[in-house]
J.: 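Could you have a look at this structure, given as structure tokens, before my questions?
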Amino acid sequence: MYHKTLETRIAVYRFDELNGEYQALINKAKEQVEKSYVPYSNFHVGAAVLLDNGEVVAGCNQENAAYPSGLCAERVTMFYANAQYPDVPVRALAIAGWTGGHFLKQPITPCGACRQVLLETETRFGQNIQVLLYGTECVYVLERASDLLPLCFVRDSLDG
Ligand code: THU
């Protein structure tokens, strides 16, 4: 028997330390929280993706009286980006969460289902997606979506 240790490297930035492109993407995600449809949780999430062609696509969470029929901001945004630009890789994704009258202090972290969807887009295009998780106190920057999901199941796993 032996142990395997998995490590994830997360760069922790102050917002003002980030480059202009990342700041702009985060600002887009922050703006988007105002458009969330969240009558049940009142928890607003905004997301914005930067595509390889320079386009920015933004989205937010959409809830439903039949709770599981709603969808997180990350999946709304990623599916929309992939639907509009099926041949264009996604370069970066930013997420921001807002509740109780303010943005979350600590970086918001995506749910498991969203991680799996981000990973699919990353493997689909064979290009890393940088993930920017916004908090007012700091921003987590991950170099690839797969860092959010160790021991993941991807298309190669189907080959056995
Ligand atoms: N939510 C997101 O949109 N993204 C996340 O990363 C976490 C959770 C949404 C789903 C639901 O509308 C609300 O936040 C509360 O879970």
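In listed order, ligands and their atoms are each counted from 1.
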J.: Short list, please: which atoms of ligand 1 are under 4.0 Å from a heavy atom of Ser41?
T.: 13 (C), 15 (C)

J.: Considering only heavy atoms, does Cys72 approach ligand 1 within less than 4.0 Å through its side chain, its backbone, both, or neither?
T.: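 Both parts.
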
J.: Could you tell me whether atom 12 (O) of ligand 1 has at least one protein heavy atom nearer than 4.0 Å?
T.: yes

J.: Using 30° and 60° as the class boundaries, would you call the ring planes of Tyr134 and Phe103 parallel, tilted or perpendicular?
T.: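 Geometry flag for Phe103 against Tyr134: perpendicular rings.
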
J.: Return the residue, atom name and 0.1 Å-rounded distance of the protein heavy atom closest to atom 3 (O) of ligand 1.
T.: Ala73 N, 2.9 Å

J.: How far is atom 16 (O) of ligand 1 from its nearest protein heavy atom, and which residue and atom name does that atom have?
T.: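 Result for atom 16 (O) of ligand 1: Phe43 CD2, 4.8 Å.
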
J.: Would you mind finding which of Val45, Asn42, Leu133 brings a heavy atom closest to atom 2 (C) of ligand 1?
T.: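 Comparing heavy atoms across Val45, Asn42, Leu133, the nearest one to atom 2 (C) of ligand 1 lies in Val45.
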
J.: Could you tell me if the side chain of Phe153 sits less than 4.5 Å from the side chain of Leu158, heavy atoms only?
T.: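 Result yes, sub-4.5 Å side-chain heavy-atom pair found.
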
J.: Answer yes or no: is there a side-chain heavy-atom contact under 4.5 Å between Asp147 and Ile10?
T.: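 No, their side chains stay 4.5 Å or more apart.
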
J.: Could you check atom 6 (O) of ligand 1 against the protein and tell me its nearest heavy-atom contact, residue, atom and distance included?
T.: Glu74 OE2, 2.6 Å

J.: Mind listing the closest non-hydrogen atom pair of Leu18 and Gln23 along with its distance?
T.: O-NE2, 3.1 Å

J.: By number and element, which atoms of ligand 1 are closer than 4.0 Å to a non-hydrogen atom of Pro110?
T.: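 Reading through ligand 1 atom by atom, the close ones are 6 (O).
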
J.: Purely on distance, is any nitrogen or oxygen of Asn61 under 3.5 Å from one on ligand 1?
T.: yes

J.: Under 4.0 Å from any heavy atom of Glu63, which atoms of ligand 1 are there?
T.: 11 (C), 12 (O), 13 (C)

J.: A side-chain contact here means heavy atoms from C-beta on lying under 4.5 Å apart; do Phe43 and Leu104 qualify?
T.: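 They are in contact (side-chain heavy atoms under 4.5 Å apart), so the answer is yes.
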
J.: Taking non-hydrogen atoms only, is Gln62 closer than 4.0 angstrom to ligand 1 via side chain, backbone, both or neither?
T.: neither

J.: Please tell me if the side chains of Gln127 and Asp52 come closer than 4.5 Å, counting only heavy atoms from C-beta onward.
T.: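 When only atoms from C-beta onward are counted, Asp52 and Gln127 do touch, with a gap below 4.5 Å.
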
J.: Got Asn27 and Phe15 here, is their nearest side-chain heavy-atom distance under 4.5 Å?
T.: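 Yes; the side chains approach each other to less than 4.5 Å.
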
J.: Are any of the side-chain heavy atoms of Val131 and Glu74 separated by less than 4.5 Å?
T.: no

